[in-house]
Amino acid sequence: GDSVVQTEGQVLPSEGDSLIVNCSYETTQYPSLFWYVQYPGEGPQLHLKAMKANDKGRNKGFEAMYRKETTSFHLEKDSVQESDSAVYFCALSEGSSASKIIFGSGTRLSIRP
Amino acid sequence: DTAVSQTPKYLVTQMGNDKSIKCEQNLGHDTMYWYKQDSKKFLKIMFSYNNKELIINETVPNRFSPKSPDKAHLNLHINSLELGDSAVYFCASSLPGQSYGYTFGSGTRLTVV
């Protein structure tokens with residue numbers, strides 16, 4: 001079945017560091033890809049998305065490129081800020097009409113001041 | 001405010017009890033969902049309704065029964081609560097199709113003692 005893999009459970013960069021959070025996916029369909037962000041005590045919020053291969057999602061200095069050849073959607077930022085601290089989920093929406101979203105296990109981003 | 005709202009925010013109850021969680025959205029979305037987030041932050045879909053019709057029912061124990069009286073409401077009733085049901089339950093809604101992503105509520109933290 002469809003799946004999303006995030007290899008890092010937690011990353012601990014310092015403020016101003018660059019960031020890459022890895023995400024790979026597996027599906028037989030043509031998915032849309034998402035990054036959601038979750039702050040403490042809140043529900044996940046849509047952070048950025050990409051609908052097809054070679055699309056790039058962007059939001060608040062974060063970027064992710066939909067790479068079909070490597071089935072990846074890594075989240076990147078040039079310079080992280082303390083306010084970026086949160087849990088980030090990579091996700092895919094399969095191509096069926098049910099539009100079910102499958103989430104990765106999440107990566108906790110904790111920025112050191 | 002346009003939103004997905006869930007009640008209650010916190011629910012503490014004894015094993016064996018029956019409880020309900022309510023969800024309402026005023027975004028005009030046709031599709032609503034229930035997700036369960038465990039203590040390790042993993043998000044798993046439970047149910048999805050499209051315009052009051054059940055379209056996704058993942059392998060959830062039949063102690064869990066969703067009900068959608070209209071397309072703006074999706075409630076979750078849980079019978080004979082067990083310790084393993086302790087989790088955060090999120091309601092979400094979306095437009096039809098794979099590309100829109102979800103809007104989540106702020107969650108209901110259920111603790112079974």
Side-chain angles (χ1 to χ4, degrees), chain A residues 1-6 8-11 21 25 27-53 55 57 59 64 66 73 86-110, chain B residues 1-10 21 23-25 27 29-51 53-60 74 87-109:
Chain A
D2 298 345
S3 64
V4 177
V5 176
Q6 294 178 242
E8 303 107 344
Q10 184 170 10
V11 291
V21 179
Y25 66 91
T27 180
T28 58
Q29 302 290 331
Y30 301 95
S32 298
L33 300 175
F34 306 90
W35 278 98
Y36 280 78
V37 59
Q38 186 176 23
Y39 299 101
E42 298 181 12
Q45 305 169 22
L46 181 60
H47 189 51
L48 56 82
K49 66 180 181 181
M51 300 295 99
K52 61 184 188 301
D55 276 359
N59 186 26
Y66 187 143
F73 192 54
V87 179
Y88 290 80
F89 293 94
C90 186
L92 71 80
S93 179
E94 58 182 14
S96 70
S97 60
S99 63
K100 176 170 70 173
I101 291 184
I102 295 167
F103 288 86
S105 54
T107 298
R108 182 178 298 277
L109 176 61
S110 301
Chain B
D1 284 348
T2 54
V4 178
S5 55
Q6 297 177 229
T7 54
K9 189 167 179 63
Y10 300 97
I21 306 171
C23 179
E24 175 182 5
Q25 55 93 7
L27 298 164
H29 291 167
D30 287 327
T31 310
M32 296 185 72
Y33 310 83
W34 280 110
Y35 273 76
K36 179 179 180 181
Q37 186 172 50
D38 63 22
S39 58
K40 296 183 179 178
K41 296 289 189 184
F42 189 67
L43 280 159
K44 185 160 172 33
I45 192 167
M46 300 173 68
F47 301 104
S48 174
Y49 272 74
N50 184 60
N51 203 8
E53 180 185 348
L54 180 66
I55 55 172
I56 294 174
N57 184 349
E58 296 287 300
T59 51
V60 178
L74 180 60
V88 182
Y89 292 84
F90 286 102
C91 179
S93 71
S94 74
L95 290 168
Q98 68 175 109
S99 62
Y100 293 100
Y102 297 167
T103 301
F104 280 87
S106 57
T108 296
R109 181 174 292 278

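Every chain is numbered from 1, with letters handed out A, B, ... down the list of sequences.
Qualifying ring-ring contact (aromatic ring centres under 6.0 Å, His included) partners for B:His29, counting only residues two or more places apart in sequence or in other chains: none. The side chain to side chain contact (heavy atoms under 4.5 Å, CB included) search around B:Phe42 returns A:Ser105, B:Asp38, B:Lys44, not counting sequence neighbours.
With chain B as partner, the option from A:Pro44, A:Ala91, A:Gly106 having the largest number of non-hydrogen pairs under 4.5 angstrom is A:Pro44.
Classification of the A:Phe73-A:Trp35 ring pair by plane angle, with boundaries at 30° and 60°, yields parallel.
For B:Gln6, no part lies near chain A; criterion is any non-hydrogen pair under 4.5 Å. For chain B, the nearby part of A:Gln38 is the side chain; its heavy atoms alone come within less than 4.5 Å. Both the backbone and the side chain of B:Leu43 come within contact range of chain A, judged by heavy atoms closer than 4.5 Å.
The distance from atom OH of B:Tyr102 to atom CZ of A:Phe34, rounded to the nearest 0.5 Å, is 8.5 Å.
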